[in-house]
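All residue numbers in this chain count up from 1 along the given sequence.
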Amino acid sequence: MTRLAQTAGLTDIQREILSTVREFVDKEIIPVATELEHRDEYPQAIVDGLKELGLFGLMIPEEYGGLGESLLTYALCVEEIARGWMSVSGIINTHFIVAYMLKQHGTQEQKDHFLPRMATGEVRGAFSMSEPGLGSDVSAITSKAVRDGEDYVLNGQKMWLTNGGSSTLVAVLVRSDEGHPEGTAPHKSMTTFLVEKEPGFGEVRPGLTIPGKIDKMGYKGVDTTELIMDGLRIPANRVLGGQTGRGFYQMMDGVEVGRVNVAARGCGVAQRAFELGVSYAQQRHTFGKPIAQHQAIQFKLAEMATKVEAAHAMMVNAARKKDSGERNDLEAGMAKYLASEYCKEVVEDAFRIHGGYGFSKEYEIERLYREAPMLLIGEGTAEIQKMIIGRRLLEEYRFQG
């Protein structure tokens with residue numbers, strides 16, 4: 001284990017889990033990540049290995065066959081996995097957001113039906129809020145559900161669905177006007193539906209189409225897709241929690257978990273970039289000595305390591321806050337904002353340390369340089385995080401005059 005990004009107060013079980021995951025990352029992910037990423041190939045063997053480790057059930061309660069671990073344990077595992085290849089951490093992220101939403105908000109029937117199979121990885125989760133005409137403005141959602149007897153009929157187009165092809169269960173947020181008269185605040189007329197489907201592309205169930213993978217600059221391997229609903233019939237018992245109008249709050253609760261996850265991914269990618277930078281700096285010689293002995297490079301390494309430490313500390317704090325049952329949107333927003341920005345900066349500094357070789361696909365830093373930007377926008381842009389942080393600060397420090 002490295003000296004950087006250590007976490008105090010972990011249990012023996014947590015340390016054992018992290019040690020196992022780190023060993024898996026070093027042996028099974030890092031050696032193949034760049035090759036798979038360049039081919040944009042889904043890492044099936046790695047996913048199968050994660051299933052064997054029980055990672056798909058990490059946060060699912062033991063009564064449903066999971067390990068019943070905390071968000072902190074999960075975040076630290078994500079940090080390790082992202083250090084190996086960020087795309088793999090994306091494969092489990094949306095799965096756990098859906099599992100968390102089911103655990104917190106699902107009916108007993110929904111929990112009994114889905115969580116045991118999610119714990120084994122047999123059912124794989126994805127969630128969907130964004131649409132082609134909106135990103136962070138969730139209130140502008142136009143996809144709609146209309147009641148028809150015992151079913152709802154869903155129509156609309158969703159965008160940026162991580163694991164869209166490989167998932168078998170999608171939590172989809174749409175507008176539902178039933179019981180919510182015209183003029184109701186948008187966030188009070190949204191519902192989350194649990195949509196079961198076959199894996200793959202094309203029409204994956206009647207009325208539901210996954211067109212294909214979106215070709216991306218980075219974050220390859222994991223499938224990012226659109227989702228098109230055209231007369232998709234969903235039974236009423238697949239409304240998350242059994243009641244319409246609660247979808248926005250359910251999704252925002254899940255997104256807080258997602259923001260801790262993105263912060264953890266930023267920490268993991270930054271750690272790997274630092275490792276690559278500090279190693280290369282000791283191997284490359286200029287002017288008769290390793291470049292690590294030049295003061296300019298030492299300054300860069302010092303700044304990089306400090307950013308890795310700071311981001312890790314904020315991510316851990318946000319995870320522990322959520323685990324305590326307290327509201328953590330302020331801490332999660334700060335952690336996501338800082339970790340993603342610092343990740344970009346640390347990766348760029350490592351890229352600069354590599355000089356011209358950093359521009360070559362032969363070197364791992366080239367992949368990290370393309371992956372880091374996704375963290376700047378995933379689970380809400382920096383501007384959205386600042387809005388959340390600013391509003392919460394004004395609540396906490398309200399002027400009494």
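Between the side chains of Glu364 and Thr34, not a single donor N or O lies within less than 3.5 Å of an accepting N or O. Side-chain polar atoms of Asn163 and His95 form no donor-acceptor pair below 3.5 angstrom. Counting only N and O atoms by type, the side chains of Thr20 and Glu16 include no donor and acceptor under 3.5 Å apart. A side-chain donor-acceptor contact under 3.5 Å links Thr224 and Lys216. His113 and Gln108 share no donor-acceptor pair across their side chains, judged by distance under 3.5 Å alone.
Salt bridge Glu395/Arg391: absent, no basic N to carboxylate O contact under 4.0 Å. Classification of Asp223 and Lys213 as a salt-bridged pair fails, no side-chain N sitting under 4.0 Å from a carboxylate O. A salt bridge does not link Lys103 to Glu63: none of the charged side-chain nitrogens sits closer than 4.0 Å to a carboxylate oxygen. Ion pairing of Glu196 with Arg238 is present here, as a side-chain N (NZ or NE/NH1/NH2) and a carboxylate O approach within less than 4.0 Å. Under 4.0 Å is where a charged nitrogen must lie from a carboxylate oxygen, and between Asp12 and Arg15 at least one such pair does. We find that Lys158 and Glu131 are joined by a salt bridge, their nearest charged nitrogen and carboxylate oxygen being less than 4.0 Å apart. At a threshold of 4.0 Å, the pair Arg265-Glu79 does not count as salt-bridged, since none of the basic side-chain nitrogens sits closer than that to a carboxylate oxygen. Ionic pairing of Arg272 and Glu275 is present here: one or more N-O contacts between side-chain nitrogen and carboxylate oxygen are shorter than 4.0 angstrom. At a threshold of 4.0 Å, the pair Glu37-Lys220 does not count as salt-bridged, since none of the basic side-chain nitrogens sits closer than that to a carboxylate oxygen. Checked for salt-bridge contact, Asp26 and Arg83 meet the test: a charged N lies under 4.0 Å from a carboxylate O.
A distance-only check finds no donor-acceptor pair linking the side chain of Arg175 to the backbone of Lys144 [under 3.5 Å]. Looking only at distances, a side-chain donor or acceptor of Gln110 sits under 3.5 Å from a matching main-chain atom of Gly241. With hydrogens and angles disregarded, a donor-acceptor distance shorter than 3.5 Å links the side chain of Asn155 to the backbone of Gly231.
Within a 6.0 Å sphere centred on CD of Gln295, other residues, nucleotides and ligands contribute 12 heavy atoms or fewer. Other residues, nucleotides and ligands contribute only 12 or fewer heavy atoms inside 6.0 Å of the CD1 atom of Ile13. In this structure, Arg352 places its CZ atom where only 12 or fewer heavy-atom neighbours from other residues, nucleotides or ligands lie under 6.0 Å away. More than 12 heavy atoms of other shown residues, nucleotides or ligands fall within 6.0 angstrom of atom CG in Asp48. Heavy-atom neighbours of Phe201 CZ from other residues, nucleotides or ligands within 6.0 Å: above the threshold of 12.
Relative ring orientation between Tyr280 and His354 is described as parallel, the plane-to-plane angle staying below 30° on a 0-90° scale split at 30° and 60°. Between Tyr357 and Tyr363, the ring-plane angle classifies as tilted under the 30° and 60° cut-offs.
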TODO: Might you work through the side-chain contact (heavy atoms from CB on, under 4.5 Å) test for Ile81 and Leu50, ending with a clear yes or no?
DONE: CA-CA 10 Å; Ile81 292 169; Leu50 294 178; 4.3 Å; yes
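Within the model, atoms NZ of Lys289 and NE2 of His285 stand 11.0 Å from one another, a figure rounded to the nearest 0.5 Å.
The one candidate from Lys322, Arg392, Lys321 that meets the side-chain contact (heavy atoms from CB on, under 4.5 Å) condition with Arg327 is Arg392.
For Ile365 against Ala273, the heavy-atom pair with the smallest separation is CD1-CB, 4.2 Å.
Glu62 is not listed as a side-chain neighbour of Leu67, based on a closest heavy-atom distance of 4.5 Å or more.
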